[in-house]
Amino acid sequence: MSTENTFRFLRSATGRLAMTYLAIIMLMSIGFSIVFYNTSFHQLGRQIPPQSSVGGGFSPNEFGPDVQSFLQQRIDEGRHALLVRLVWLNILALGAGATVSYYLSRRTLRPIEEAMEAQTQFIGDASHELRTPLTAIRATNEVAMRKPKLNLQDAKQVIKQNTEDVIKLQELSDGLLRLASNTDIPLKLSPIALQEVVAEAMNQVVLLAQAKDITVNDGVANIKALGNKQSLAQVIAILLDNAIKYSEPKATVTLASEVNEKFAYINIRDRGIGIRATDLPYIFKRFYRVDRSRSKDQRDGYGLGLSIADKLVGQMHGEILVTSNPGHGSVFTIKLPIV
Ligand code: ADP
């Protein structure tokens, strides 16, 4: 749904919901007024004692016709005044109810509006990111096609370039799918041995580390935490992948753990380029990359890794903490509740 359509839909939904709330308020107000009026009417009618009937004498509880018609007149006046007040009260209720209904319907629809805005933003960002490799593939192919003679070497170069762009597209669509699928499904949590999960995550990045001749030291102790094995392995792999990506070749990445009465901590330390303090608040945002030109590596990513990791750790009731020293490296810490 386009942004304009989204807002049109929300406007009409707010209007309809406000009308429903107002109808409920007015039904209650008018219903209450009718009951109140009828009860008062009944009570006032009971105030007139019966007219004296026998021999013209009055008992203490009986009045003559003059007094009776006077009382009846007072009662009619009272009834009229009550009716006017109730009508005014309902007019007031209509005004106040309209304001309250609008406010309540805005409040009710706010989370839906936010979700729709986030979705629109997500689709916009995603298509923007998809455009870059797609444009590159198109340009490479068009240049190749325009050449009158394409020798084997040129053709191989085109295929290589296309393959690299397709890999980027694949990584991007994988990341987008992961983000979309992780949205609201609660994870199954159970006690997991951190050493096992770390070993699994290290398997996923071993080729990347070897390609840069980077040593990964595993110093994680034999402790258990409450989490989801597969998701935690994914998070550690994302953080290790970054630690390797943003380190110079032949560097060392170190994994360590700590535990206290409530939480277990896994630290992933690198001695890479680090992150400026001004960038730290944003690195978990989707598609945020500190500075593309700083990354000399081919696999510079799409700024999705940390937002996926953050979401997964959140679903495990934990959090990711980060400290960094630009030019000297970073420490990413996964904090999880223990069993
Ligand atoms: P990307 O795929 O670009 O790495 P991430 O979401 O994983 O996306 O990270 C967001 C940004 O945070 C990165 O582009 C990078 O600038 C910064 N970053 C993440 N991890 C590190 C790290 N270990 N060292 C330096 N910068 C990092």
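In each ligand, atom 1 is the first atom listed, and ligand 1 is the first ligand listed.
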Polar-atom distance check: [X] versus ligand 1, any N or O pair below 3.5 Å?
| X | answer |
| --- | --- |
| Arg289 | no |
| Ile273 | no |
| Leu306 | yes |
| Ile238 | no |
| Ser307 | no |

My understanding is that we take every heavy atom of each candidate and find the minimum distance to atom 4 (O) of ligand 1. Doing that for Tyr288, Tyr282, Tyr246, which one comes out nearest?
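When every heavy atom of Tyr288, Tyr282, Tyr246 is considered, Tyr246 comes closest to atom 4 (O) of ligand 1.
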Looking only at non-hydrogen atoms, which of Leu280, Val290, Val322 approaches atom 16 (O) of ligand 1 most closely?
Val290
Can you check whether [X] reaches [Y] side chain to side chain, under 4.5 Å on heavy atoms?
| X | Y | value |
| --- | --- | --- |
| Ile236 | Ile268 | yes |
| Leu306 | Leu239 | yes |
| Ile266 | Thr333 | no |

Counting each atom of ligand 1 from 1 as listed, which ones have a heavy atom of [X] under 4.0 Å away?
| X | value |
| --- | --- |
| Ile283 | 10 (C), 12 (O) |
| Ser330 | 24 (N) |
| Lys245 | 1 (P), 2 (O), 4 (O) |

Does at least one non-hydrogen atom of Gly272 fall below 4.0 angstrom from an atom of ligand 1?
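Under 4.0 Å: no for Gly272.
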Give a yes/no on ligand 1: does Phe284 have at least one heavy atom closer than 4.0 angstrom to it?
no
Once you restrict to heavy atoms under 4.0 Å, what part of Leu304 touches ligand 1? Side chain, backbone, both or neither.
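It is the backbone that touches ligand 1; the side chain stays farther off.
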So, Asp270 side chain and Ser330 main chain: donor-acceptor pair closer than 3.5 Å or not?
yes
Using modelled atom types only, decide if a donor and an acceptor are shared between the side chain of Asn151 and the backbone of Asp154 within a distance under 3.5 Å.
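Judged by distance alone, yes, a pair lies under 3.5 Å.
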Where at least one partner belongs to residues 187-202, residue pairs that pass salt bridge (charged side-chain N to carboxylate O under 4.0 Å, His left out), sequence neighbours excluded
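Sorted pair list: Glu196-Lys229.
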Is any NZ, NE, NH1 or NH2 atom of the basic residue among Lys168 and Glu171 found under 4.0 Å from an Asp or Glu carboxylate oxygen of the other?
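Here Lys168 does not pair with Glu171 in a salt bridge, since their nearest N and O are not under 4.0 Å apart.
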Decide, yes or no, whether a salt bridge links Lys212 with Glu248 under the criterion of side-chain N to carboxylate O below 4.0 Å.
no
Cation-aromatic face contact Lys335/Tyr265, 6.0 Å, 45 degrees
no
